[in-house]
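Reviewing the structure listed below.
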There are 2 protein chains.
Amino acid sequence: MAAVDLSTHPGHLARRLQQAHYLLWNTMVSEEITSPQFAVLNALVAEPGLDQRTVGERVGLDRSTIAEVISRLGRRGLLDKVRDPQDGRRSLLRLTDEGLRVHRKLTVRTARMNQVFLAPLSGEEQTLFFDLIQRVSDAAEGLRNPVTPGEPIAGHR
Amino acid sequence: MAAVDLSTHPGHLARRLQQAHYLLWNTMVSEEITSPQFAVLNALVAEPGLDQRTVGERVGLDRSTIAEVISRLGRRGLLDKVRDPQDGRRSLLRLTDEGLRVHRKLTVRTARMNQVFLAPLSGEEQTLFFDLIQRVSDAAEGLRNPVTPGEPIAGHR
DNA sequence: CCTGATTAGTCAGGGCACTGAGTATTTCTA
DNA sequence: TAGAAATACTCAGTGCCCTGACTAATCAGG
């Protein structure tokens, strides 16, 4: 009766999209390293020595989740974690040689996987795909941190 | 050095999109009932008496996950689960009055949330957004179930 | 019939994701 | 400079999501 068509619900579509990606990642990229884990490795390739919170910010993971992901990567020997001598609250992170090696290997496979994943779309459609998703995500993200009235938003925070 | 730009990685974008949606759902729709739970309620409004596996198929959840979701909805008294007398393997599901009531209430709120979520896109862009995501998801889903031999494959591969 | 395959569901295990509460450290300020 | 506020991280709790192994019930062929 009052049932709704889920194919017009962005949340439902987002979930399905992620599932589809998870699947392809698992078969084409790696069964050990997950996509969020790769994102963390990638962030540390770009900026070695980053602290835990900032890495989370870069890849879009909250404090609890990033702690778990980093703990797994540490157990696998892909990164090292040391207390910042300058600021005893921070943990500084750095990839091991093995971590660098894994990142390099997965970078290649990930590129291949992305091609397969996006194959149903033309070049322009792919650009549009990125753009639309990013705009929606950014806008929703913006609703989260309501702009404090009167506060200048310049660079950050 | 060899770091990659995650904003061109559909998996990363999909994850961010889902996070953004999760957030908005939590604040605008419900803190108790999640989006997947609503999808299950919705499937049972459309087709009461469905068995567990089929519900999972309708909403895109595997056998393990659908079992958990249904168990939670049962605990909350939103649906009833009975063994099929015709086929002792199946569990047949049906919403309770409370389940119907909750579905009705959330349907309204969900519609409002979707509007807010998609507000950054124009009407045509929204249509495109749905279409692109669906095509990518469907294609990836297709890779999973290898087409039975002899079957002509529309797209390619 | 009865045996072997298929099917529905459960269970254990691993990983992602969030909130809320708590700890330690640093920084700000009265 | 002592107390308050902010910051980085941890921990417990809940829920989603998958795979692989298992149980129970049904179905199909010989």
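Throughout, protein chains are lettered first and strands after them, A, B, ... in sequence-line order, and every chain is numbered starting at 1. Not measured: the values here are computed from a predicted model.
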ask   = Going by heavy atoms closer than 4.0 Å, what residues in residues 30-43 of chain B are next to DNA chain D?
value = B:T34, B:P36, B:Q37
key: Connected hydrophobic set around B:V108, excluding itself, where side chains approach under 4.5 Å   = none
task = Take atom CG of A:L24 and atom P of D:dC17, then tell me their distance rounded to the nearest Å.
result = 18 Å
request  = Applying side-chain contact (heavy atoms from CB on, under 4.5 Å), name anything that partners B:D80, two or more places apart in sequence or on another chain.
outcome  = B:T96
task = Let me know, please, whether A:L61 or B:A67 comes out on the 5' side of the other along DNA chain C by nearest nucleotide.
result = B:A67
key: Under 4.0 Å protein heavy-atom contact, by nucleotide of nucleotides 19-28 of chain C - B base, S sugar-phosphate only   = BBB---BS--
message = Could you work out, with ring pair (Phe, Tyr, Trp, His ring centres under 6.0 Å) as the rule, every residue matching B:H103, not counting sequence neighbours?
response = B:F38
Residues that B:R112 engages under salt bridge (Lys or Arg N to Asp or Glu O under 4.0 Å), provided they are two or more places apart = none
remark   = The complete set of side-chain hydrogen bond (donor to acceptor under 3.5 Å, both in side chains) pairs with one or both residues in residues 118-129 of chain A, sequence neighbours excluded, reads A:S122-A:E125, A:E125-B:R135
query = Whole-Å distance between D:dA8 P and A:I70 CD1?
reply = 13 Å
inquiry  = Within the structure provided, determine whether A:L61 and A:V69 are in side-chain contact (heavy-atom separation under 4.5 Å).
reply    = yes
ask   = Quick one: on DNA chain C, does B:K81 or A:V69 contact a more 5' nucleotide (nearest heavy atom)?
value = B:K81
ask   = So do the side chains of A:I133 and A:L17 get within less than 4.5 Å of each other, counting heavy atoms only?
value = yes
task = Rounded off to whole Å, could you give me the CD-to-C1' distance for the A:E68 and D:dT10 pair?
result = 11 Å
key: ring pair (Phe, Tyr, Trp, His ring centres under 6.0 Å) contacts in which one or both residues fall within residues 45-75 of chain B, not counting sequence neighbours   = none
note = Contact check, residues 47-55 of chain A vs DNA chain D, heavy-atom distance under 4.0 Å, returns A:D51, A:Q52, A:R53
task = Can you tell me the distance, in whole Å, between the CG atom of A:L92 and the C1' atom of D:dC9?
result = 13 Å
query = Which pairs pass side-chain hydrogen bond (donor to acceptor under 3.5 Å, both in side chains) with one or both residues in residues 16-30 of chain A, sequence neighbours excluded?
reply = A:R16-B:D138
ask   = Starting at CZ of B:R15 and ending at C1' of C:dC18, how long is that distance when rounded to a whole Å?
value = 13 Å
task = Could you tell me the separation between the CG atom of A:L93 and the P atom of D:dA8, rounded to a whole number of Å?
result = 13 Å
ask   = Taking CD from B:E57 and C1' from C:dA8, how many angstroms apart are they, rounded to a whole number?
value = 13 Å
request  = For B:V82, enumerate each residue passing the side-chain contact (heavy atoms from CB on, under 4.5 Å) test, keeping only those at least two apart in sequence or located in another chain.
outcome  = B:L92
query = To the nearest angstrom, how far is B:Q18 atom CD from D:dC17 atom P?
reply = 6 Å
key: Set of residues satisfying side-chain contact (heavy atoms from CB on, under 4.5 Å) with respect to A:L44, sequence neighbours excluded   = A:V40, A:L50, A:V55, A:L79, A:L93, A:L95
